[in-house]
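A short worksheet on the structure shown next.
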Amino acid sequence: MTHTKNISPLPHVDIARPIPAWLAHYSPLLQQARWFSNNDQDREALALALAEYKHHPSLDALEQAFDSYLVLEEFKPAKTLLTEMRKLGATKTFVNLQKASYYLAQEKFAQANKCLSYAQMHKKELDNRHQAYLYFTQGITSFQYKPQTFPFTQALRYDYLLMPSEQSMCYLMRGLIRLEKEAYEAAYQDAQNSLHAHSKNDVAHYLRAVAGYYSGHLASLAQDTEIVLKSKDRTVNKSMKNTMQKIQKLLPKEPVVIDKDFMKNLSHCFFDEVEDMIHVAEDLTERVSGWTGARFETKMTTSVQKSLAFVQQTLSVLNPPDLPVKIQAVREQLHDHIVKNFSPFCLKLSSFDPTSSSSQLNLWQKQVLQILEKYEDAYNKLIDLLAVLIEQYHVPVFTVNR
C-alpha cells in the first residue's frame, strides 16, 4: 500500500465582499493573513504569510510574517526577516520603520526612536500606508516621554489603509491622552470610534466608561464597567478595575437618567425630519421649491410625535400610572405654542420662484430663516416642559462636566 504524507490545509476565512480598502491591494492569501492578524489570530496569519512568501516572494508577505512574529514575541526569526527584506530590495527607510517596530516590541525605546528619526527624515520614500504606520509608531513611542495626539491624528488621515485593529488603537491612544488632559468629550468620541472600528478592546471600554462618566454620557456605562471588571486582558490593570468600581458606586441608582445621550436622541427625534428636508436633494432649485409652509407644518407635527413618543418610552421604565395623561398635557401645551408662534410664519411663507426679483427672493429667504428660528423655539419649549415633567418624577439630570 502506498502511504501519502498528510499535509494540513492552510487556515481559511471568508473575506467580506466587497473587499475592504485595507485589504484591496494584497494577494488573496495575504488578504486572509491580514484578516487573521486583525482578529488576533497571529499564528494563522504567520502560516499564510510564510506560504505566500515561499511561492511568491514579496515585501508584503515578509512584512506580514515579520509583524506576526513580533506579536508572538518570536524575535529571533523576526530579526532574520529584516535581512530578507534588504535582499528583496527594501529601502533603508522601509527597513528602519520595521526595525522601529522590532525594538518597540521589546520596549527598547531609544533604539526605536533612532530608527523612527531616520524614517521621518525620509518619509517621502514611504507609501501612504507606511507613512500612516510611521505616525502610529511615533505616537506609541511618545507615550514613554511626552504623549502627543498629533501622530495618531496624522495616522488616521490614512485610516482606510489601516487594519480596523490599527484604526482602533490610534483612536484609543489618542483618547487616553485626551482623558489625561481632561478633554472628556473628545476622549469619549475617540473611545466610541475605537470600539466602532474594532470592538474587541477592553481598554477602549475603560476609556469610554471614564470619559463618558465625566462628560455626561451614561448610556454604555453599566456595560463598560462590567466588561472591564471581568476582563482577563493583561493590559487592563488593577488601577483600571478600581476606577470602574468607584464609578459604579457613583452612578445614579435610578432606572432613568437624563444625560447627554438622552438629549442627543431627543434632538434627533425633533430635528431629523426637517433637516432631511433641507439638506437632502441634488438640485437646489428643485429642493427649495418644496419648502412650503404646509410642508414645514407637517414636519413639525412629525417632530412632536417622534419626540414625545421617545420621552414616553424612556419614562415608562418608571411605571408611572399617570404618564399618558402628563404626556398628553405636554402635547397640548406644545401644540398651543406652535399654533401661536410657529404656524403664522408658515402661512406667510411665499412660494419659491427662481425668476423672482432679488428683493422677493431676499424676502423668501428671510421668511424661511424665521420659520427655522421658530422651529428652534418650539424645541426649547419642549425642553422647558420636559424639565417640569422630570422634576415631577424625580428623574436625575446628569449632563454637566465634572
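Sequence positions, counted from 1, serve as the residue numbers for this chain.
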More than 12 foreign heavy atoms under 6.0 Å from [atom1] of [X]: is that the case here?
X: His196; atom1: NE2; value: no
X: Lys340; atom1: NZ; value: no
X: Glu275; atom1: CD; value: yes

Nearest 0.5 angstrom please: [X] [atom1] to [Y] [atom2], how far?
X: Gln98; Y: Leu82; atom1: CD; atom2: CG; value: 7.5 Å
X: Leu229; Y: His205; atom1: CG; atom2: NE2; value: 12.5 Å
X: Gln192; Y: Arg208; atom1: CD; atom2: CZ; value: 5.0 Å
X: Phe36; Y: Gln64; atom1: CZ; atom2: CD; value: 11.0 Å
X: Arg178; Y: Leu207; atom1: CZ; atom2: CG; value: 10.5 Å
X: Asp224; Y: Leu218; atom1: CG; atom2: CG; value: 11.0 Å

**Q.** Lys200 vs Asp40, salt bridge (Lys or Arg N to Asp or Glu O under 4.0 Å): CA-CA, chis, key distance, verdict
**A.** CA-CA 10 Å; Lys200 298 176 182 178; Asp40 302 324; over 6 Å; no
Side-chain donor-acceptor contact under 3.5 Å, [X] with [Y]:
X: Thr235; Y: Asp233; value: yes
X: Gln32; Y: Glu44; value: no
X: His130; Y: Asn128; value: no
X: Ser27; Y: Glu52; value: yes

Keeping the roles fixed (side chain from [X], backbone from [Y]), state whether a donor-acceptor pair exists under 3.5 Å.
X: Ser37; Y: Ala33; result: no
X: Gln31; Y: Tyr26; result: yes
X: Glu273; Y: Ser303; result: no
X: Gln106; Y: Tyr102; result: yes
X: Asp259; Y: Phe398; result: no
X: Lys306; Y: Val304; result: no
X: Thr243; Y: Ser239; result: yes
X: Ser220; Y: Gln223; result: no
X: Ser231; Y: Ile227; result: no
X: Gln167; Y: Leu162; result: yes

Could you pull out the closest heavy-atom pair between [X] and [Y], with the gap in Å?
X: Ala197; Y: Ser168; answer: CB-N, 4.0 Å
X: Gly139; Y: Phe152; answer: C-CZ, 3.2 Å
X: Ile15; Y: Pro20; answer: CG2-CD, 4.4 Å
X: Leu70; Y: Ala78; answer: CD2-CB, 3.9 Å
X: Tyr103; Y: Ala112; answer: CB-N, 3.8 Å
X: Met263; Y: Tyr379; answer: O-OH, 3.8 Å

Q) In terms of side-chain geometry, is the basic nitrogen of Asp261 or Lys264 positioned less than 4.0 Å from the acidic oxygen of its partner? A) no
Answer whether the closest heavy-atom distance between the side chains of [X] and [Y] falls below 4.5 Å.
X: Tyr213; Y: Thr225; result: no
X: Phe352; Y: Leu361; result: yes
X: Leu48; Y: Leu30; result: no
X: Gln365; Y: Val368; result: no
X: Arg86; Y: Thr83; result: yes
X: Gln111; Y: Lys114; result: no
X: Leu372; Y: Ile278; result: yes
X: Met244; Y: Val210; result: yes

Side-chain donor/acceptor pairs under 3.5 Å, residues 330-338, sequence neighbours excluded:
residue, atom, partner, partner atom, Å
Arg331, NE, Gln328, OE1, 3.3
Glu332, OE2, Gln328, NE2, 3.2
Gln333, NE2, Ala329, O, 3.4
His337, ND1, Asn341, ND2, 3.2

(Q) Check for me whether the distance between the ring centres of Tyr158 and Tyr133 falls short of 6.0 Å. (A) no
Q | Pair Glu185-Lys260, side-chain contact (heavy atoms from CB on, under 4.5 Å): steps then yes or no | A | CA-CA 10 Å; Glu185 184 66 36; Lys260 281 189 176 178; 2.9 Å; yes
Q. Distance under 6.0 Å and angle within 45° of the ring axis: does Lys348 meet both against Phe345?
A. yes
Which of parallel (below 30°), tilted (30 to 60°) and perpendicular (above 60°) describes [X] and [Y]?
X: Tyr184; Y: Tyr214; answer: parallel
X: His217; Y: Tyr188; answer: parallel
X: Trp22; Y: Trp35; answer: parallel

Q: Kindly indicate, with the supporting measurements, whether the criterion side-chain contact (heavy atoms from CB on, under 4.5 Å) is fulfilled by Tyr375 and Lys299.
A: CA-CA 10 Å; Tyr375 215 101; Lys299 294 299 180 186; 4.0 Å; yes
Q: For Asn319, check side chain to side chain contact (heavy atoms under 4.5 Å, CB included) against everything at least two apart and list the hits.
A: none
Q: Go through the steps for Ser307 and Leu266 under the test side-chain contact (heavy atoms from CB on, under 4.5 Å), then give the verdict.
A: CA-CA 6 Å; Ser307 301; Leu266 181 64; 3.9 Å; yes
Q.
Show every ring pair (Phe, Tyr, Trp, His ring centres under 6.0 Å) that has at least one partner inside residues 230-269, sequence neighbours left out.
A. Phe262-Phe310
Q: Could you please spell out the steps behind the side-chain contact (heavy atoms from CB on, under 4.5 Å) verdict for Glu297 and Phe342?
A: CA-CA 8 Å; Glu297 286 208 90; Phe342 177 78; 4.2 Å; yes
